[in-house]
Amino acid sequence: MGMYAALRVAQWVVGKALAPVADGVLEAWAANRNFGPNIEAVRMELLLVQATLENAGRKELGRPAMEELLQKLRDLVHNAEDLLDELDYFRIHDELHGTYNASEEHGEGSIRKLALNARHTAKAVGKLINCCTWQRPKRHQRSCDNSSSAPNANQEVSGCMPKLGKLLPCSCFPHPHVGDGNSGNEQETPKLEFNKVDFSQRMKDIVEKLQLIRNEVSKILIHCGPRTVPDIAQIRPITKGRIDEPKLYGRDHVMNSIIHDIIEGQYCDQGLTVLPVIGPGAMGKTTLIQHIYTNQQVQNHFPVRIWICVSFNFNLDKVLEEIKRYTPRVEGENEYSTTEELIVQRLKSRRFLLVLDDIWKFTDVDDWKKLLLLLGKSQEMGSMILVTTRQKEIADQVKKTEEPKELNRLELGEFRKLFLVYIFDVEQYPRDKHHLLHIGDEIMEKLKGSPLAAKTVGRLLRRDPSLAHWRRVLNSKQWANQTNGIMSALKLSYEFLPFYLQQCFSYSALFPEDYPCRSHELISLWTGLDILIPTDENPTFEGIGLSNIKELITHGFFREEETADGSRYVMHDLLHDLALKVVSHDCVSFRLSDVGLVKIPPSMRHLSISTEDLGEYDAVSGEKLMSELEEMKRTLKVEHLQTLMLFGRMHESFAKIFCEFFGEATALRVLYLPMGSVLHTFSGLIHLRFLCLGTRNIRVHLPLRISKFYHLRVLDLEMWYGIGDFPEDMSNLAELCHCYTPSRRYAELRFDLYNVRKLELLEKLKVFRVNKKSEGFEPKQLEHLNKLWELGIYNLEKIHTEDEAAEAKLIEKKFLRRLTLDWDSERSSVEPGVEEVVLESLQPHGDLQVLCIRGYGGPSCPTWLGDLWDLRELRLKDMARLKEFIVEKSFCVLIKLELIGLVCFEKWVYPTELQSSLGGEVLPTDAHMFPLLQVLIIKKCPKLSVLPFSDHIVSPYWFPKLQELEIHDCPEFSSVIPISWIESLRRVIIRRVKMIMEFTYSKLSAGVEFEIIGEFDVHSLDQVLAFDKEIGLEKLTLSRCPPLELKNLVMLTSLKTLIVENSVSLVGPLGGQDGLEWDLPIEYMSIKGLYGNIGKELTELLPHLPRLSKLELSHYEITTTEKEEDDGLLLFPATLCDSLRELDMSFCSGLVLVDPPTLVPGGGWLQALGSLQRLKIQCCRMFLSTFSFSRHLFPSSLQFLMLWHVKGMQTLEPLSNLSSLTRLKLLYCGEDLKCQGLQSLLTTGGQLNELEVRGSCRFFAGWDPVEGEEQKPHLVSSTLQALRTDDVAGLFAAPICSFLSPGLTKLQLSGDIFLFPFFKMERFSKKQEDALQLLSSLQQLEFWSFDDLQQLPARLGNLARLKILSIYKCPAMSSLPNDGLPESLQVLGVSLCNWKLEEQCRELMDTIPKIIIE
């Protein structure tokens, strides 16, 4: 951390320390206690420290000693903060329990009176904080008797700090309130102690120490000159319009697309175009634009090219001067013209390219508008402005019509090439550096595709290409310390942030890398750390927090990801490293398994630990963890910890060790234990602001002492699935703002806050159950909760009058944004009139954004629904009597609408002024209908038949933003959805409606897709799809549907993929087009489970598919009789000979290859398909039943062939013509299949490199690949690189292994005894082991499913190139070879094997880089 950053942090800490004395309440209480002057002395000294720090901020501070003094000052301020916070805790307690009267019952000045006062308080509170289980380890108890002035009689009240006892026990009592009475073990319970003498002395000590350091700092500041604030723009390197990186990796498609659009595409004939390129720092934006700028075509296209590096401040005058400077003069220029006039003259008839690189902000947005106005005067078409920026806000400001080009991480393959070029100058690992491959890949994964990171780390690794150095780089993340590397680039963005955002970002690194944070997790942490400061304009933590998250997304520090459970916010790994770096003085985050490697700074106060890789507990691992924790304790001051966050689960024994270690963490503000691994007896958590607890043990009780954490602001119990009744005194938590309970409805209704009216700062109350008890749950409890942001009111059927409902005063809650109003849908009786009146009386403030009404029994929606002009989401559920839904004018900003379980709903009602023009059916074309609606969901509305529009939308004002539409379980719904007329629509799901089981639509980057699963009462697809409007359809999937009619088929002019399943027929009659020629652009067609005459239909359809490149046929019968009149014969048209690339025929039991060939005009059948590259024939047992094998089976163009359960071949001779074949799979093609003919595929003229043969147990038996070939030296070796086989006995023969040896690098052996029960292999023979030794090129060797194999082959250690050894499902194998494994081995994998073998593999973890045991 830099000097001035440390200053800002110190000022922030002082501000936190002053908070308890900001309003005078604590001083008034202290005055009543007769030590008000002590409080005032501390307050005054803190103010002087604050002034000193402000003065230091104006001075030049260049000495490391000053930074150390500031750290000491900050530590002392933290102590003052803790002390004032403790006093404020006692003040709150006195107010709650009346113990402040104790100070008035005794006179002043006497030690005895002080003792009596303190004893009175201690006894009163001791009863309240009684703990029922877990004993605190004695070795952690502190001696509290450090006051020499107090007599022995008063030792019970002496102490150096208050102890609240065990406030977080995991109660094992059968009832949550057992042990909570006022009687019992007072002597055994640690007491809440208030010692006036001790507090007075502590305050005096702190003031003295603060004065000492402050005075020393002040003396130094006298001799410091004024601070010269460097212009941050001067630190930023100036970019130029020349190429810094000779080759562009991973951005070619973006570059070529932009260049094409500039020169001959969409930009070339337009006026001035602005194209922003946006992305995080270090993503290669400038490099991309440099390559475009220097491209020869671009240079030829633009007579004028100008490159300006803008950097932090967009200064219009400077930009105009640069444009003038680089714009060639024209004849007749007036030397007295202004800069603007000269630019207009010079560019009037010239096409130009202007690059504005690295814009950070506009001082005045109007400057950009002025620039566009000036440059737009050029009369030449096709001029361009390319802008690069990190800020989404800037991209939105500068764009005209073109959406920004967003650069994210490089694709893995391209990033790998770039990474290796920086290390080795080549795009792949050199042969002598393969041992670095795995550790290099781990490092590469950490860099997340950042080009600058590849450069920074690549150069770091280049210095020393050794395994030890690379491991050090990985473990220590040395790239974070490089001066001009990735961190410098990212830190510029960080320093550009205002201080409050810097704090939010940096402390978010306490969450693990790649952790998908929810908004409330971030806001809770920031609230607990006092980072969020409410203001008059934004007085809620929720409002401030959401605003900060939005800003951090805009600046690129968080990435927002949409999930099924809502938005998640993720920090890039490199940004996570940056955040940890800037707060390294007081934050540490690590995996508990790495605790021995962690360096703890003495000033550390925030700790985050992940237990993901901790492993199983045993005595050795437990002792190791204890030892490492004790070593860490040499520098870690547990008592100073303010944050402790634990992620992941751990064994109970590990948890106990962990608990004991952190037993003295009494200064915690944040305690985050969401996984329930640790429910610790933490003592004295009087400072706690944010508590997160979780458990999946349904028998565990919620800790009873939660109600004693008087400073608690956030209580997160979302992961608490144990017993969760709150104690009745939870309303004592007057500072509580957010309370989160389990999200499942049955769980959240168990958590109730009694007497909630006292929690006036509460912002989120998701569940308030009306009249749960006789008192404490009345609607009037909500009256003064005017900071509520989110509220859920349940059991509304228990409100019977208008006045009672009005007592909640929802209309006065101006910060309320989310509201749920819930009636029990299973109640025994419904009073529609009463419920209608109650709902009308629950009118919220007009700024409400999200509303859910559930279980309401009234006949209509509330009238105030039309007054919610900022409503974004509306959910109506289980409203049994609602018949009409009024489309209110106030829905103009509605984004999401859900109507679920409205069993009587059948009619949409429009605004009054539109009724006269509706005619009962159609809206006028200029009427606005849900102008911003993005999501519409309708479920379980059995009477609804149509959507709120006719079948033919003709107005762009109707649903112009709709993106998602869902309709489920509406049996009367039969409307044809005019999907293509809603331009914005991206996804439609319709299930279980009239005639349709399922209808899905998606509009992706790959194109428009439909899937229809019909009911058998659908007679025509016209009933569900408007074909004449779907001309952009690219993929159509039909299941249980009537055949496609020709009139509809010819309309699908963009169709590329057609899938038809489980239907009667594929297409209807194809005649009737008056002799007109027609073709479809279908490239992929899949036919599955059709019942009609598929052979005839395909024979008629295929000639109209000239582009068909992939055809899949499965699960149907084809008639193959020899009768001439048979029309089930499938004929392939000649057009397929040039287009078809892939053919897959599966589970067609009647499919027969006719001999002589008749299926292609002119003969040849499959051989005639000269472009066919991939062929799969699976489970077609009759396929070769009539074939004579007098000719080759397949075309020589094949590159991949798979035959599965295709019997009839005896040898591979019928495949000998496949000279292009690279992959061959023969699965269960007959036990008698032999490998004769394989030589031609493996030697000169052949290209086969991957072979898999299973189910032919004598495939290799007796084969001698070089027999009789002594005169042909080209047969000495093969092309085969990978082999999978279960013919182990036949393979391991010396001639075969010698033949395969030069190229074979991967071998998988299988011993599946279920297929061959007679084959039981216990060990390899000496001859087989000798043959294996001949495979000297092997790099990967796998043994699969050898149930009886007891040993691996001997002498595996001699296979000098072996890198990967895998053993899967070999239960009889209990040890590795006695003679060891190859030194070259990098990966050893063992799965579903003998436990002894697994243990032996674990012992090799220090010698083999990667061991996988599953």
Side-chain angles (χ1 to χ4, degrees), residues 239-243 245 248 250-311 314 316 319-320 322-323 326-327 343 347 350-362 365 367-408 410 451 554 556 1005:
T239 63
K240 301 289 185 180
R242 59 172 181 262
I243 294 178
E245 303 295 337
L248 187 65
R251 308 291 190 205
D252 305 63
H253 62 290
V254 179
M255 180 185 73
N256 294 333
S257 172
I258 293 175
I259 291 175
H260 174 270
D261 289 341
I262 287 174
I263 295 174
E264 52 186 295
Q266 57 181 318
Y267 308 143
C268 65
D269 57 356
Q270 292 185 9
L272 181 63
T273 301
V274 180
L275 180 63
V277 178
I278 183 175
M283 278 299 156
K285 301 181 294 296
T286 298
T287 302
L288 170 66
I289 301 303
Q290 285 173 334
H291 278 265
I292 294 173
Y293 188 81
T294 57
N295 178 271
Q296 190 59 53
Q297 289 179 286
V298 172
Q299 293 185 46
N300 296 339
H301 188 69
F302 293 105
V304 178
R305 293 179 305 123
I306 307 160
W307 181 288
I308 301 175
C309 181
V310 178
S311 197
F314 182 89
L316 180 60
V319 168
L320 293 178
E322 288 292 293
I323 293 174
Y326 290 104
T327 305
I343 291 173
L347 296 180
R350 289 173 172 170
R351 186 188 301 118
F352 63 87
L353 170 63
L354 172 62
V355 173
L356 298 174
D357 188 36
D358 202 25
I359 299 181
W360 287 68
K361 68 175 181 180
F362 290 110
V365 179
D367 284 350
W368 176 254
K369 297 177 182 177
K370 293 174 184 176
L371 178 64
L372 290 186
L373 184 64
L374 182 68
L375 297 180
K377 295 180 180 180
S378 173
Q379 298 175 1
E380 189 70 22
M381 305 299 287
S383 292
M384 289 286 301
I385 302 178
L386 296 177
V387 174
T388 70
T389 181
R390 304 184 185 196
Q391 320 289 341
K392 183 179 185 302
E393 183 181 18
I394 294 295
D396 291 338
Q397 287 176 347
V398 302
K399 72 178 184 182
K400 294 177 71 178
T401 57
E402 296 305 317
E403 288 301 314
K405 297 282 186 182
E406 189 166 355
L407 295 192
N408 292 306
L410 289 179
T554 299
S1005 57

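Residue numbers start at 1 and run along the sequence shown.
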Exercise for review: With side-chain contact (heavy atoms from CB on, under 4.5 Å) as the test, would you mind laying out the steps for L375 and F352 before giving the verdict?
Suggested key: CA-CA 10 Å; L375 297 180; F352 63 87; 3.9 Å; yes
Exercise for review: Check whether more than 12 heavy atoms from other residues, nucleotides or ligands sit under 6.0 Å from atom CD of E393, and answer yes or no.
Suggested key: no
Please round to the nearest 0.5 Å and tell me the distance separating atom [atom1] of [X] and atom [atom2] of [Y].
{"X": "T327", "Y": "I343", "atom1": "OG1", "atom2": "CD1", "result": "6.5 Å"}
{"X": "T273", "Y": "L386", "atom1": "OG1", "atom2": "CG", "result": "10.0 Å"}
{"X": "T286", "Y": "D357", "atom1": "OG1", "atom2": "CG", "result": "3.5 Å"}
{"X": "L316", "Y": "L374", "atom1": "CG", "atom2": "CG", "result": "8.0 Å"}
{"X": "L347", "Y": "K377", "atom1": "CG", "atom2": "NZ", "result": "12.0 Å"}

Point to revise | Verdict with supporting geometry, L288 and T388, side-chain contact (heavy atoms from CB on, under 4.5 Å) | key: CA-CA 10 Å; L288 170 66; T388 70; over 6 Å; no
With the side chain counted from C-beta on, respond yes when [X] and [Y] share a heavy-atom pair under 4.5 Å apart, and no when they do not.
{"X": "D261", "Y": "L275", "answer": "no"}
{"X": "V274", "Y": "K399", "answer": "no"}
{"X": "M283", "Y": "P451", "answer": "yes"}
{"X": "L356", "Y": "W368", "answer": "yes"}
{"X": "L410", "Y": "R251", "answer": "yes"}
{"X": "V398", "Y": "F314", "answer": "no"}
{"X": "V277", "Y": "L407", "answer": "yes"}
{"X": "I394", "Y": "W360", "answer": "no"}

Between [X] (side chain) and [Y] (backbone), is there a donor-acceptor pair under 3.5 Å?
{"X": "S383", "Y": "L272", "result": "no"}
{"X": "N295", "Y": "H291", "result": "no"}
{"X": "R351", "Y": "M381", "result": "yes"}

Practice item. Quick one: do I308 and Y326 satisfy side-chain contact (heavy atoms from CB on, under 4.5 Å)? Show the steps, please. Key: CA-CA 10 Å; I308 301 175; Y326 290 104; 5.6 Å; no
Practice item. Go through the steps to decide whether K285 and R390 satisfy the test side-chain contact (heavy atoms from CB on, under 4.5 Å), and finish with yes or no. Key: CA-CA 9 Å; K285 301 181 294 296; R390 304 184 185 196; 4.0 Å; yes
Minimum heavy-atom distance between [X] and [Y], given as atom pair plus value:
{"X": "I263", "Y": "Q297", "value": "CD1-CB, 3.3 Å"}
{"X": "H301", "Y": "P303", "value": "O-CD, 3.5 Å"}
{"X": "Y293", "Y": "R305", "value": "O-NH1, 2.7 Å"}
{"X": "Q290", "Y": "T294", "value": "O-OG1, 2.8 Å"}
{"X": "T389", "Y": "A395", "value": "CG2-N, 4.1 Å"}
{"X": "M255", "Y": "I292", "value": "CG-CG1, 3.6 Å"}

